[in-house]
Amino acid sequence: MDKYSPQEIEKKWQEKWESDDAYKTEIDESRQKYYVLEMFPYPSGNLHMGHVRNYSIGDVVARYRMMAGYNVLHPMGFDAFGMPAENAAIEHGVKPSDWTFSNIKNMIRQQKAMGLAYDWNREVETCRADYYRWTQWLFELFYKRGLAYKKEASVNWCDKCGTVLANEQVIEGKCWRCDSEVHKKNLAQWFFKITDYADELLADLNKLEGWPNRVRIMQENWIGRSEGLEFELDVPELNEKLAVYTTRPDTAFGITFMALAPEHPLVEKICKVSPKAAEIKAFCERVHGQSEIERTSSESEKEGIFTGYYCINPFNGHKAQIWVTNYVLADYGTGAIMGVPSGDQRDWMFATKYGIEIILTLQPKGQQLKLEDMKAAYVEKDGELVNSGKFTGMEMHKAIKAIIDEAESQGFGRRKVNYRLRDWLISRQRYWGAPIPIIYCDKCGEQLVPEEDLPVLLPEDVEFKQGTLSPLSTSKSFNECKCPKCGSHAHRETDTMDTFICSSWYYLRYADPHNDKLPFDRDKVNYWNPVDQYIGGIEHAILHLLYSRFFTKVLRDAKMLDYDEPFTNLLTQGMVIKDGKKMSKSLGNVVSPEEIIDKYGADTARLFILFASPVDRDLDWSDEGVQGSFRFLNRVWRILDIFGEAIKNGSINYDINTLNDEEKILHRILHKTIKKVTEDLRDRFAFNTAISTLMELVNAMHVFQNKPINPNLARESADALLKMLAPFVPHIAEELWSHFFEGSVHKQNWVKFDESAIVEDEIEIVLQINGKVRDRIKVAADLDKSAMEKTVLDLPRTKELTEDKTIVKVIAVPKKLVNIVVK
RNA sequence: GCGGACGUGGCGGAAUUGGCAGACGCGCUGGACUUAGGAUCCAGUGACUUCGGUUGUAAGGGUUCAAAUCCCUUCGUCCGCACCA
């Protein structure tokens, strides 16, 4: 046998698998389906190590499940719309489509060089008209169901990207893509009504037992459900009512002021009549001038201006000053809050700064708080009410209910559920996205593009300049059109859709990628979906994963599919880091997958990445570690070369009793390995320990490198070893398999272990005295507790160690140890 | 501030149900083979040690016959949210 040469064999088998269409998938009702999916990439042009890790994990899962008898769907595609393609157009004059397609071509080449078992017949590219046609169709579905609407709102604007962003896409006041600062702008924009599904998105998190808890908690916090009371206060001087929302109705008797967001409508009304109008306006403008971070950081100084007007607390008739402040959010609740300095730390700071009255309404049971001694608000959710009329003395939680009931029976308030989650802003002022299929007619207003006219194609006569308008508005051929209803002159919506919409349904398209009548066939989707195992980075914990869940629920309600959640199990892989830092060009610590594959082969790259760390933890890149993986594959190659003649002469069905003692040990290790590797793959995604067990097996086989081995055992070992290696290192496994066996190793059934082969007659147990290991002895494996005790107590070593002591207690744990407690 | 995760040799990590801490790999040390070795093979490798042992899983305390694992306190690292009333 020649020496191991990955460059030769990997190319050879990749070509063979491709020409055989070896991983083509079709519906087969007789077999259990298994859908494994890695998050599809943005076509930046080159794979990075994070991709390699992601796909290596997915490929192991896919190949293992195939061998375990499942009908496996394992597709790949590209999230191909997005800003970088457009930047290439701006900077280098390349067409976004050309840039994107040539990047895709290169990435597919790299993916194929990894030896991944994808069904390429199902590939999707979201930027192609045969895909975005259906993205537009789904927009129309949402529209028809009342879930897509346009409204003027204060939205997040990123100057650098020249577009608006959804809330989820603003990270600490900065753009998720380019990290530049985001500020607010009033614009008419399209939204998806994700808030209609807030309750279900929250409740169904409980169904996602196969998701990391971390991700569920992040989504729970993002949705941010709260229960409370909404009620109105009269503003007699203006003949107006002011509504507020609170989760702490128990403190309502302590209201001493009202805090309004500068954007609150009442502020405008006050400015029309107030002598202080100029001052108030100036304050509002100053707050508007603050950045998103300054305005929303809890660190920021709380500021405000008294309007000179008052409202009346309906619970006790107390007058409360109306203030405009910088710390109330305009778009949460009613944009106004009740100020209770004694029960809320922010209100406390505000009131003490401006000398506003403080009334105590809650104190710990059996304790008397004194305002003059207090240096902060009493914010514990525990205690008894004071100064609260007929509710005085009531326990806090009871009081919350009673006070809400009071407001409801008096008719000035009601129970209310609020969410932190906002509607999803989906329009983008960019070119390289799916056009929003809407036509504006002067007579008929906003109209959907008729279904039969879809797709609304992206035009090519556009200028790529960044401003507040989409480049699409520079295309005359695109912009001008006829109204679908009355036929008169009209114009198109020139914004495109957030690319997160494209990625919210791609996993459904894989089930039926060539359908030209519908986005997908209901039966096909119901066969393959939901995704059994989804694999990707934690960075999508909210964004993509929340949006996809929302899409799934809407499509279910539209009777297009039959289940509630898109991804049954989720695996969030860790990052690939080097020298303690994330790989990045600016740090100059990037390792190129292509170089590694050229030098060592894809099998080595895959093996290292899977072995070096548990899948969900960060992985420290190590060049020495890669060499170690390469060394291991050479070791596998060499031992099977040494065993070559024996393997060819052996037979897998044989009598174990013909093995000598050394061979029996290998036989037992072999079956223990099968058990361990099977469990690690099937139940735990513990690829690192599965590989370490395989290394131990190969080490055990090396015992026979210089002495004869029973041919039957050699054949059995080779058969099992190659089958177990196949999911991890598909090329070398296939190559070695072809030397000794028939067909493709990847089409074989997964190995089974023989329970009886694992059983040992004699095992080593530990003798402990007071919990400390004092000796190790061999005993029969099936020895019961009392026999173990007796055996151990009779040992000379035990007698020696317990001679002048009293034995208090003896604990025997079968197959493990005997612990003797002495005094 | 709130929420979550984590802390084990020189390094990556293992210990799945409370039961022999450090599997496997990297690195290192020694040896074999060799003209040569950055190939391969073999052996060793937590620390301390008077070679009997002692000690050891961030620190301290607790539960237990027995704790890396369970409980409490403290420290540290990382992640998420960050005025959501």
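Here is the naming used below: chain letters follow the sequence lines, and residue numbers restart at 1 for every chain. Owing to the predicted nature of the structure, the values given are computational and were not obtained by experimental measurement.
- Taking 4.0 Å as the cut-off between side-chain N and carboxylate O, A/D620 and A/K578 do not count as a salt-bridged pair.
- When heavy atoms are screened at a 4.0 angstrom cut-off, A/V328 is found touching base atoms of the nucleic acid.
- Base orientation for B/rG9: syn, the chi torsion being within 90° of 0.
- Straight-line distance from the CG atom of A/L681 to the P atom of B/rU16: 18 Å, rounded to whole Å.
- Checked options A/K676, A/R682, A/K675; the residue passing with A/E679 is A/K675 (criterion: side-chain hydrogen bond (donor to acceptor under 3.5 Å, both in side chains)).
- Distance A/M349 CE to B/rG1 P: 13 Å, rounded to the nearest Å.
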Quick one: which protein N/O atoms are closer than 3.5 Å to N/O atoms of nucleotides 61-65 of chain B? Pair and distance per line, please.
from, atom 1, to, atom 2, distance (Å)
B/rC65, OP1, A/K809, NZ, 3.4
B/rC65, O2', A/N819, ND2, 3.2
B/rC65, O2, A/N819, ND2, 2.8

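- Residue A/R420 places at least one side-chain N or O closer than 4.0 Å to OP1 or OP2 of B/rA82.
- In A/K184, the NZ atom is crowded: over 12 heavy atoms of neighbouring residues, nucleotides or ligands sit closer than 6.0 Å.
- Taking atom CG of residue A/N213 and atom P of nucleotide B/rG80, one finds them 17 Å apart after rounding to whole Å.
- Separation of the P atoms belonging to B/rC26 and B/rU77 is 33 Å when rounded to the nearest angstrom.
- In this structure, A/W424 has its ring center under 6.0 Å from that of A/Y547.
- In the displayed structure, A/K799 atom NZ is contacted under 6.0 Å by more than 12 heavy atoms of other residues, nucleotides or ligands.
- Here B/rG80 presents its P atom at 14 Å from NE2 of A/H540, a figure rounded to the nearest Å.
- More than 12 heavy-atom neighbours from other residues, nucleotides or ligands sit within 6.0 angstrom of CG on A/D784.
- If you take NE2 on A/H264 and CD1 on A/I337, they are separated by 11.5 Å, rounding to the nearest 0.5 Å.
- Dense packing is recorded around CD of A/Q7, with more than 12 heavy atoms of other residues, nucleotides or ligands lying under 6.0 Å away.
- B/rG22 and B/rC11: their C1' atoms are spaced 13 Å apart (whole Å).
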Can you pull every protein N or O that's under 3.5 Å from an N or O on nucleotides 69-73 of chain B?
none

Checklist entry - In the 5'-to-3' direction, what one-character label does each nucleotide of nucleotides 23-45 of chain B receive under the scheme B = base within less than 4.0 Å of a protein heavy atom, S = sugar-phosphate only, - = no such atom? => result BBSSS------------SSS---

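- On the P atoms, B/rG60 is 14 Å away from B/rU55, given to the nearest whole Å.
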Which atoms of nucleotides 54-58 of chain B (N or O only) lie under 3.5 Å from a protein N or O atom, and what are those distances?
from, atom 1, to, atom 2, distance (Å)
B/rU54, OP2, A/R774, NH2, 3.2

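- Within 6.0 Å of atom CD in A/E595, 12 or fewer heavy atoms from other residues, nucleotides or ligands are found, so the atom counts as exposed in its surroundings.
- Rounding to the nearest 0.5 Å gives a distance of 7.5 Å between OG1 of A/T247 and CD1 of A/I400.
- Of the residues A/F632, A/F687, A/W621, A/F728, the one that meets the ring-ring contact (aromatic ring centres under 6.0 Å, His included) test with A/F608 is A/W621.
- Counting heavy atoms of neighbouring residues, nucleotides and ligands inside a 6.0 Å radius, atom NZ of A/K353 exceeds 12 of them.
- Atom CD1 of A/I765 and atom CG of A/D775 lie 9.5 Å apart (nearest 0.5 Å).
- Here CD1 of A/I691 is found 13.5 Å from CG of A/L697. Values are rounded to the nearest 0.5 Å.
- Only the P atoms considered, B/rA23 is 13 Å distant from B/rA15, to the nearest whole Å.
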Checklist entry - Which dot-bracket notation, 5' to 3', represents the base pairing of RNA chain B when pairs are defined as Watson-Crick or G-U with both distances under 3.5 Å, crossing pairs as [ ], and inter-strand pairs as |? => result (((((((..(((......[....)))((((((.......))))))(((....)))..(((((..]....))))))))))))....

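- Nucleotides B/rG10 and B/rU45 place their C1' atoms 11 Å apart, quoted to the nearest Å.
- Between A/A612 and A/V766, the residue anchored closer to the 5' end of RNA chain B is A/A612, taking for each the nucleotide with the nearest heavy atom.
- Nucleotides B/rU16 and B/rG3, compared at atom C1', are 28 Å apart to the nearest Å.
- Note that the CH2 atom of A/W637 and the CD1 atom of A/I732 stand 6.0 Å from one another [nearest 0.5 Å].
- Under 3.5 Å, the side chains of A/W211 and A/E209 contain no donor-acceptor pair of N or O atoms.
- B/rU77 atom C1' lies 13 Å from atom CE of A/M575, rounded to whole Å.
- If you take CD1 of A/I337 and P of B/rC83, they are 13 Å apart, rounded to a whole angstrom.
- Taking side-chain N and O atoms only, A/R617 has a distance below 4.0 Å to OP1 or OP2 of B/rA14.
- Here, B/rG18 and B/rC65 have their C1' atoms 12 Å apart, quoted to the whole Å.
- Annotated as anti: B/rG80, whose O4'-C1'-N torsion sits more than 90° from 0.
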Less than 3.5 Å apart, which donor and acceptor atoms pair up between the side chains of residues 255-263 of chain A and the rest of the protein, not counting sequence neighbours?
from, atom 1, to, atom 2, distance (Å)
A/T256, OG1, A/E357, O, 2.8
A/E263, OE2, A/R295, NH1, 2.7

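- Checking B/rU16, B/rG19, B/rG3 against every side-chain atom of A/K816, the shortest atom distance belongs to B/rG19.
- Across B/rC70 and B/rG76, the matching P atoms stand 22 Å from one another, rounded to whole Å.
- Between A/Y327 and B/rA85 there is no side-chain N or O to OP1 or OP2 distance below 4.0 Å.
- If you look at A/F231 and A/F315, their ring centroids are closer than 6.0 Å.
- A/D618 comes within 4.0 angstrom of sugar-phosphate atoms only, judged by non-hydrogen atoms across all strands, and of no base.
- Look at CD1 on A/I609: it is 17 Å from P on B/rG12, rounded to the nearest Å.
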